[in-house]
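The next block holds one structure in the form of structure tokens; read it before the comments.
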Amino acid sequence: MKENEVNITAEQAQASLDAVRKINTDAVETQRPPWWFLILSSAAYGMMSFSYSSMKHENTWAVGLIISGAVFFLLFLFLYYSYRLMGIKLKMWPTSKSSTHIYAIYALLFGVVFAGARELTVVGFDWVAYAGGAICAIGFFTMTYLYPTGEPLNTPTSKQ
Amino acid sequence: MKENEVNITAEQAQASLDAVRKINTDAVETQRPPWWFLILSSAAYGMMSFSYSSMKHENTWAVGLIISGAVFFLLFLFLYYSYRLMGIKLKMWPTSKSSTHIYAIYALLFGVVFAGARELTVVGFDWVAYAGGAICAIGFFTMTYLYPTGEPLNTPTSKQ
Amino acid sequence: MADETCFDTLIHAPNRLQICAMLATAAEIEFKVLRDHLDVSDSVLSKHIKVLQEAGYVVLIKRSDFGRQRSWLSLSSGGRKAYTGHVNELKRIVGEV
Amino acid sequence: MADETCFDTLIHAPNRLQICAMLATAAEIEFKVLRDHLDVSDSVLSKHIKVLQEAGYVVLIKRSDFGRQRSWLSLSSGGRKAYTGHVNELKRIVGEV
């Protein structure tokens with residue numbers, strides 16, 4: 001089944017990699033959510049960060065956090081269900097080393113922004129809540145647009 | 001394109017009708033909602049009739065009517081959306097003479113039951129609200145189970 | 001019944017009769033779903049749809065769902081009438097009506 | 001990168017490489033959707049899936065949605081590893097890593 005001796009030429013290997021790249025591009029285009037979804041979910045995500053940062057005992061931003069979190073969750077539930085009916089079960093968890101990197105960026109970027117923006121806002125820098133919300137919204141939009149499958153386009157581009 | 005003179009035999013015509021019947025059965029099976037949906041929507045429909053009958057100034061069955069109506073509506077929205085993603089837009093309105101008959105049964109049966117059950121309940125026959133609700137639920141279940149496409153199985157059965 | 005009966009050779013071709021029968025049960029059906037139900041190839045279905053479209057019996061609309069282009073087929077009112085008439089004529093031939 | 005690289009003749013067959021590449025992007029993909037993306041016939045895809053299934057690379061599960069029976073395909077963890085290793089080996093051959 002497996003052979004460690006290579007029995008194909010570089011051209012043949014390149015052709016195979018091109019085929020893989022074509023499939024990956026196809027998958028990304030198929031699994032990329034529609035614009036309205038990207039905009040709504042990014043807005044909800046930014047709102048979550050903003051609400052979390054602005055939350056204090058004397059105000060009601062906790063409600064904002066709950067509502068935007070619920071909207072975000074429902075949007076993804078809807079997306080997942082829709083794709084499932086169309087014959088594609090979207091990946092929820094990283095399944096390969098390369099996709100782990102992508103998910104790590106999400107976790108790091110948003111974890112740090114969420115926590116950092118709240119800390120600084122509580123300390124008194126009110127504008128940080130807005131900045132954090134904007135970073136989350138834009139970052140989420142970009143990541144979801146670029147990597148809807150949770151996989152980097154791990155195919156050769158150097159030879160293109 | 002059209003010929004009024006018949007140029008096929010009864011056997012050929014029968015074979016064609018059989019093919020049509022096969023397709024109709026296939027369509028009914030494909031478009032028949034799942035059991036959980038039939039049960040939930042029938043229950044919501046029965047609840048609508050019961051709430052409407054029991055509604056009085058001094059009670060809150062109006063809320064029951066609104067909630068069961070909303071559940072019923074949302075269930076159908078969900079069904080319609082799901083089928084649409086799977087490549088079938090369900091019929092909402094009668095499109096042929098035969099389907100008009102089906103829709104007329106719905107309208108007559110449920111219109112009469114809805115109005116009649118309320119009239120009798122208001123007059124004092126409290127049990128009629130329960131009976132009306134049960135008739136609506138069972139009737140709706142049966143009709144939706146038998147005629148999910150809104151079409152009678154208008155194909156030959158006499159020769160089977 | 002006062003339904004029209006009219007034999008329609010265009011609809012009578014086996015696959016086309018089945019296409020019309022299937023489309024008559026729903027508002028619209030996607031090309032690929034219809035193909036799978038009829039168990040024919042893309043090209044065979046395309047050919048028949050083209051004939052039915054040219055006769056004004058079937059309407060094809062392209063729409064996009066979640067970025068996926070899909071072709072939706074539906075029976076026009078003329079197509080529905082012709083189909084019903086044809087089925088009624090078939091029933092008359094086998095002596096059912 | 002410390003990824004394993006290993007040429008896999010079973011995966012290398014053109015359609016099979018594409019099947020694995022497609023399955024690697026999602027949790028599960030329906031048979032018919034995969035077929036339409038690869039633009040092959042039912043029988044060709046079935047044959048390849050069977051080979052991949054026997055090697056333990058691909059898992060097939062049947063489920064029913066709204067009364068419609070559907071076959072769902074996914075890459076097993078072994079299949080994913082073999083696929084990644086194969087792609088890495090291809091990259092090594094073209095001198096990319």
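These numbers come from a predicted model, not from an experiment. So you know, we letter chains A, B, ... as the sequences are listed, proteins then strands, and number each from 1. The basis for the numbers below is simple: all heavy atoms, side chains too, and nothing from hydrogens, waters or symmetry mates.
- Taking B:K91, B:M92, B:M86 one by one and counting their heavy-atom pairs under 4.5 Å with chain C, the maximum is reached by B:K91.
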Candidate pair B:V20 and C:Y83, rule side-chain contact (heavy atoms from CB on, under 4.5 Å), full reasoning:
CA-CA 11 Å; B:V20 169; C:Y83 165 71; 3.3 Å; yes
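- The CD atom of C:Q18 sits 9.0 Å away from the OG atom of B:S16 when rounded to the nearest 0.5 Å.
- Inspection of non-hydrogen atoms places C:A21, C:M22, C:A24, C:T25, C:A26, C:A27, C:E28, C:I29, C:E30, C:V33 of residues 19-36 of chain C under 4.5 Å from chain B.
- C:H37 places a side-chain heavy atom less than 4.5 Å from the side chain of B:T30.
- For the set B:E11, B:K22, B:R84, the entry with the most heavy-atom pairs within less than 4.5 Å of chain C is B:R84.
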Name each donor-acceptor pair under 3.5 Å that joins a side chain in residues 65-75 of chain B to protein atoms two or more places apart or in another chain, with its distance.
unit_1	atom_1	unit_2	atom_2	d
B:S68	OG	B:G64	O	2.7
B:S68	OG	B:L65	O	3.3

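- Interface residue B:L90: only backbone heavy atoms are found under 4.5 Å from chain C.
- Residue contact with chain B, scored on non-hydrogen atoms closer than 4.5 Å, involves the side chain of C:H12 exclusively.
- Looking at C:I11, neither its backbone nor its side chain comes within 4.5 Å of chain B, counting heavy atoms on both sides.
- For the atom pair CG (C:L73) and NZ (B:K89), the distance works out to 12.5 Å, reported to the nearest 0.5 Å.
- The shortest non-hydrogen separation linking C:V94 to B:A13 is CG1-CB, 3.7 Å.
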